[in-house]
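Shown next, in structure tokens, is the structure this report addresses.
Computed from a predicted structure; not experimentally measured.
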Amino acid sequence: ICEMAPSPAAADCAEDELALAHPLAVSVRQVACAGRSQVLIAEHDGGDGLSYRWEAPDGDLRHVAADLVVWTPAVGPGPHNLSVAVTGPDRVGIASLAAV
């Protein structure tokens, strides 16, 4: 069983001189599931040319493409967490997923 953590609500920012002035809306969606393994995709509203950083402190994480991974959570009591940060020159967004 997986629970999606909601992305934090981000207000529209007025133009300023902050390096990361434009938040991204990012979510992690399950594409397929086989046993305990899940194929997950990061979706966002930022267009092309962004970087992805996936983190899963326990279990097995295999990168298929920049925005697509196969995650097998560790065996044992959870929750087990996975997160992805999507970044660009002036944008950032983070989403997470928990498996129980």
So, using side chain to side chain donor-acceptor pair (under 3.5 Å) as the criterion, who are the partners of T87 when residues are at least two apart? none

Residues which pass salt bridge (Lys or Arg N to Asp or Glu O under 4.0 Å) with D60, listed by chain and number, not counting sequence neighbours: R62

Where at least one partner belongs to residues 68-86, residue pairs that pass salt bridge (Lys or Arg N to Asp or Glu O under 4.0 Å), sequence neighbours excluded: none

Locate the shortest heavy-atom distance separating P23 from R91; write the atom from each residue and the value. O-NH2, 4.2 Å

All side-chain contact (heavy atoms from CB on, under 4.5 Å) counterparts of A65, not counting sequence neighbours: D67, L68

Closest approach of P57 and N81, non-hydrogen atoms and distance? CD-O, 3.2 Å

Using side chain to side chain donor-acceptor pair (under 3.5 Å) as the criterion, list what pairs up with S51, not counting sequence neighbours. none

If hydrophobic clusters are built from ILVMFWY residues whose side chains come within less than 4.5 Å, do V31 and V70 share one? yes

Which heavy-atom pair separates S37 from T72 by the least distance, and what is that distance? OG-OG1, 2.5 Å

Nearest non-hydrogen partners of S27 and A95, listed with the distance: CA-CB, 3.9 Å

Same cluster for Y52 and L97 if Ile/Leu/Val/Met/Phe/Trp/Tyr side chains link at under 4.5 Å? yes

If you take all heavy atoms of L24 and G46, which pair is closest and at what distance? CD2-CA, 3.3 Å

Residue set satisfying ring-ring contact (aromatic ring centres under 6.0 Å, His included) with H80, at least two apart, ordered chain then number -> none

V84 side chain near V69 side chain, heavy-atom distance below 4.5 Å: no

In one Ile/Leu/Val/Met/Phe/Trp/Tyr side-chain cluster, 4.5 Å: I41, V39: yes

Provide the closest heavy-atom pair for L40 versus W54 in the form atom of the first, atom of the second, distance. O-CH2, 4.2 Å

Chi angles and distances behind the side chain to side chain contact (heavy atoms under 4.5 Å, CB included) call for V26, I94: CA-CA 6 Å; V26 178; I94 297 173; over 6 Å; no

